[in-house]
Amino acid sequence: MAWTKNKIKDGFDKFYQEHGRYPTALEIDEYADLPSSRQIQRRFGGLPKLRQELGLETLDFTKGSIRSQKAQYIGKRGLDFEKEIRKVLLEKFGEVFVHEQKPFNDYVGRLDFFVYAKNNKFGIDVFFASDIHSLMGCINYKQRLYKNFTDGLILLQLNPEIDQRIIDQCLSNKKNALPSNIAVLSLDKFLEFLKTIQPLHVL
DNA sequence: TCAGATGGCCGGCGAGAAAG
DNA sequence: CTTTCTCGCCGGCCATCTGA
């Protein structure tokens, strides 16, 4: 049974009644009374085009005020989590041995943290992924970003709903695997890892 | 039986905020 | 000006379904 525009409109309206707004691509995919967002792209020339034809208010969630609000939220969330991790690292290793915003790759990019410990030094990049697709996107993005980075690097994922099992599943599905110096850890696993690292001390 | 419709996975990219 | 960061969307690709 082919999806018609009217049938999709019914699904959109049903979603609206339940949520007070219309769905994004991911929400369309998860909603039983709607086709896949992929199919909407193929059959109707994309989500913004279909939304326009259905007369919806928000045509594209990646632009305008709706995006602006989301970007602000993302920025604040990132800063708050980074402060928390900063506190944990400083308590354990001390100010002298935790470098923030360390330049690397000829000062092209910057790390969140770089830690000097006993017989060990490693970089940390803190991030928050709202869902599994975002997780994939962030990991791929950072893989490109850090492709010339040779020290050990921890990508620290801070969404508590995404645990290490989900992360490992995601990594095993990756087509081009991460290089061996890069690990992706949940907060739990990261704290476990920190227990195995001895701080440097000034005598 | 088989071509078109559909679902779903994965990678890439641009929008916008924020900070140097 | 430059950069990073995440989200929402698009497109390539392949597997599965469906109906004539």
Side-chain angles (χ1 to χ4, degrees), chain A residues 1-5 7-8 11-12 15 19 21-53 56-83 85-86 99-114 123-149 153-159 161-162 166-178 184:
Chain A
M1 157 210 62
W3 283 97
T4 64
K5 208 182 287 182
K7 214 162 156 40
I8 296 175
F12 270 71
F15 186 98
H19 298 89
R21 59 180 178 79
Y22 289 104
T24 63
L26 178 65
E27 289 165 335
I28 289 171
D29 286 334
E30 291 171 342
Y31 202 62
D33 295 306
L34 287 169
S36 65
S37 63
R38 187 75 189 83
Q39 184 61 5
I40 291 178
Q41 287 174 37
R42 282 185 294 230
R43 282 281 300 278
F44 302 96
L47 281 171
K49 185 152 181 284
L50 178 68
R51 292 187 184 117
Q52 186 174 31
E53 289 174 12
L56 306 190
E57 195 176 340
T58 301
L59 300 183
D60 191 338
F61 284 79
T62 72
K63 294 174 181 163
S65 63
I66 190 97
R67 180 65 200 173
S68 172
Q69 289 169 33
K70 179 66 92 174
Q72 279 182 40
Y73 170 76
I74 290 168
K76 183 175 184 331
R77 184 186 64 190
L79 283 178
D80 290 347
F81 274 113
E82 199 173 311
K83 277 182 206 158
I85 296 304
R86 178 176 185 275
H99 292 212
E100 297 180 64
Q101 306 266 346
K102 182 185 171 66
F104 68 100
N105 293 349
D106 296 319
Y107 295 83
V108 168
R110 284 174 183 271
L111 265 173
D112 291 331
F113 303 104
F114 197 90
I124 302 169
D125 184 304
V126 178
F127 72 108
F128 187 107
S130 65
D131 56 64
I132 294 178
H133 190 84
S134 177
L135 175 67
M136 290 279 237
C138 288
I139 291 174
N140 288 333
Y141 169 72
K142 291 173 191 307
Q143 186 172 11
R144 290 192 296 276
L145 186 66
Y146 294 112
K147 68 174 187 292
N148 296 324
F149 190 74
L153 176 61
I154 294 170
L155 307 181
L156 176 54
Q157 199 295 121
L158 289 176
N159 184 349
E161 292 178 10
I162 298 179
I166 297 174
I167 292 171
D168 291 341
Q169 179 70 44
C170 173
L171 290 178
S172 70
N173 291 338
K174 254 178 76 58
K175 283 184 178 173
N176 33 338
L178 282 177
V184 187

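Any value given below was found using the heavy atoms of this structure, including those in side chains, with hydrogens, waters and symmetry copies removed. Here is how names work: the chains are called A, B, and so on, in the same order as the sequence lines, proteins then strands, and each is numbered from 1.
- The interatomic distance linking L145(A) (CG) with dG12(B) (P) rounds to 14 Å, in whole Å.
- Checking the phosphate oxygens (OP1, OP2) of dG12(B), a side-chain nitrogen or oxygen of R144(A) falls inside 4.0 Å.
- A straight line from CG of D60(A) to P of dA15(B) spans 10 Å, rounded to a whole angstrom.
- If you check dG11(B), dC9(C), dG7(B) against the side chain of M136(A), the one that comes closest is dG11(B).
- Residue K70(A) has a polar side-chain atom (N or O) positioned under 4.0 Å from OP1 or OP2 of dG8(C).
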Protein and nucleotides 17-20 of chain B: nitrogen or oxygen contacts under 3.5 angstrom:
from	atom 1	to	atom 2	distance (Å)
dA17(B)	OP1	S68(A)	OG	2.6

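- Side chain of T24(A), nearest nucleotide from dT6(C), dC13(C), dC9(C): dC9(C).
- Checked by atom type and distance alone, the side chain of Q157(A) pairs as donor or acceptor with a backbone atom of A129(A) at under 3.5 Å.
- Taking the nucleotide of DNA chain B with the nearest heavy atom to each of I74(A) and C170(A), the more 5' of the two is matched to C170(A).
- Nearest heavy-atom pair, S37(A) versus L47(A), reported as atom, atom and distance to 0.1 Å: CB-CD1, 4.3 Å.
- A side-chain donor-acceptor contact under 3.5 Å links E27(A) to the backbone of T24(A).
- Of the residues in residues 40-47 of chain A, those with a non-hydrogen atom less than 4.0 angstrom from any atom of DNA chain B are R42(A), R43(A).
- Nucleic acid contact for D131(A): none, since no nucleic acid atom lies under 4.0 Å from a heavy atom of the residue.
- Between dG12(C), dG11(B), dT6(C), one nucleotide has an atom nearer to the side chain of R38(A) than all others, and that is dG12(C).
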Could you please spell out the steps behind the side-chain contact (heavy atoms from CB on, under 4.5 Å) verdict for L158(A) and I85(A)? CA-CA 10 Å; L158(A) 289 176; I85(A) 296 304; 3.9 Å; yes
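- Atom-to-atom, NE2 of H133(A) to C1' of dC13(B) comes out at 11 Å; the value is rounded to the nearest Å.
- K70(A) pairs by the salt bridge (Lys or Arg N to Asp or Glu O under 4.0 Å) definition with nothing, not counting sequence neighbours.
- Side chain of E161(A) to main chain of D131(A): no donor-acceptor pair is present (N/O by atom type, distance under 3.5 Å, no hydrogens or angles).
- As rounded to whole Å, 11 Å separates atom P of dC9(C) from atom CG of L59(A).
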Using the side-chain contact (heavy atoms from CB on, under 4.5 Å) rule, take L34(A) and I8(A) through it: C-alpha gap first, then chi angles, then the decisive distance, then the call. CA-CA 6 Å; L34(A) 287 169; I8(A) 296 175; 3.9 Å; yes
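- Between I40(A) and L50(A), the shortest heavy-atom contact is CG2-CD2, 3.6 Å.
- Taking for each of N176(A) and S65(A) the nucleotide of DNA chain B with the nearest heavy atom, the 5'-most of the two is the partner of N176(A).
- Not one side-chain nitrogen or oxygen of N140(A) sits closer than 4.0 Å to the OP1 or OP2 atom of dC10(B).
- Among dC10(C), dT6(B), dG8(C), the nucleotide with an atom closest to any side-chain atom of A2(A) is dT6(B).
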What do the steps show when you test L156(A) against F81(A) for side-chain contact (heavy atoms from CB on, under 4.5 Å), and what is the final call? CA-CA 11 Å; L156(A) 176 54; F81(A) 274 113; over 6 Å; no
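- Considering only side-chain atoms of C138(A), the nucleotide from dG11(B), dT6(C), dG7(B) that sits closest is dT6(C).
- Each of L135(A) and K175(A) was assigned the nucleotide of DNA chain C with the nearest heavy atom; the assignment lying further toward the 5' end belongs to L135(A).
- For the residue pair I28(A) and P35(A), the shortest heavy atom distance occurs at CG2-O, 3.2 Å.
- Between the E82(A) side chain and the D112(A) main chain, no donor and acceptor come within less than 3.5 Å of each other.
- Taking side-chain N and O atoms only, T62(A) has no distance below 4.0 Å to OP1 or OP2 of dG8(C).
- Across all strands shown, N159(A) has no heavy atoms under 4.0 Å from either base or sugar-phosphate atoms.
- Using a 4.0 Å cut-off, some side-chain N or O of K142(A) falls inside it from OP1 or OP2 of dC5(C).
- dC5(C) atom C1' lies 13 Å from atom CG of L158(A), rounded to whole Å.
- Listed pair N173(A) / dC9(B) fails the phosphate criterion, with no side-chain N or O lying under 4.0 Å from OP1 or OP2.
- At a threshold of 4.0 angstrom between heavy atoms, the contacts of Y141(A) include nucleobase atoms, whether or not backbone atoms are also involved.
- Straight-line distance from the CD atom of Q169(A) to the P atom of dC10(B): 9 Å, rounded to whole Å.
- Following rounding to the nearest Å, D29(A) (CG) and dC9(C) (P) show an atom-to-atom distance of 10 Å.
- Heavy atoms of G64(A) sit under 4.0 angstrom from primed sugar atoms or phosphate atoms, though from no base atom.
- The residue S37(A) sits apart from the nucleic acid: no heavy atom pair falls under 4.0 Å.
- Nucleotide dC9(C) holds its C1' atom 16 Å from the CD atom of Q39(A), rounded to whole Å.
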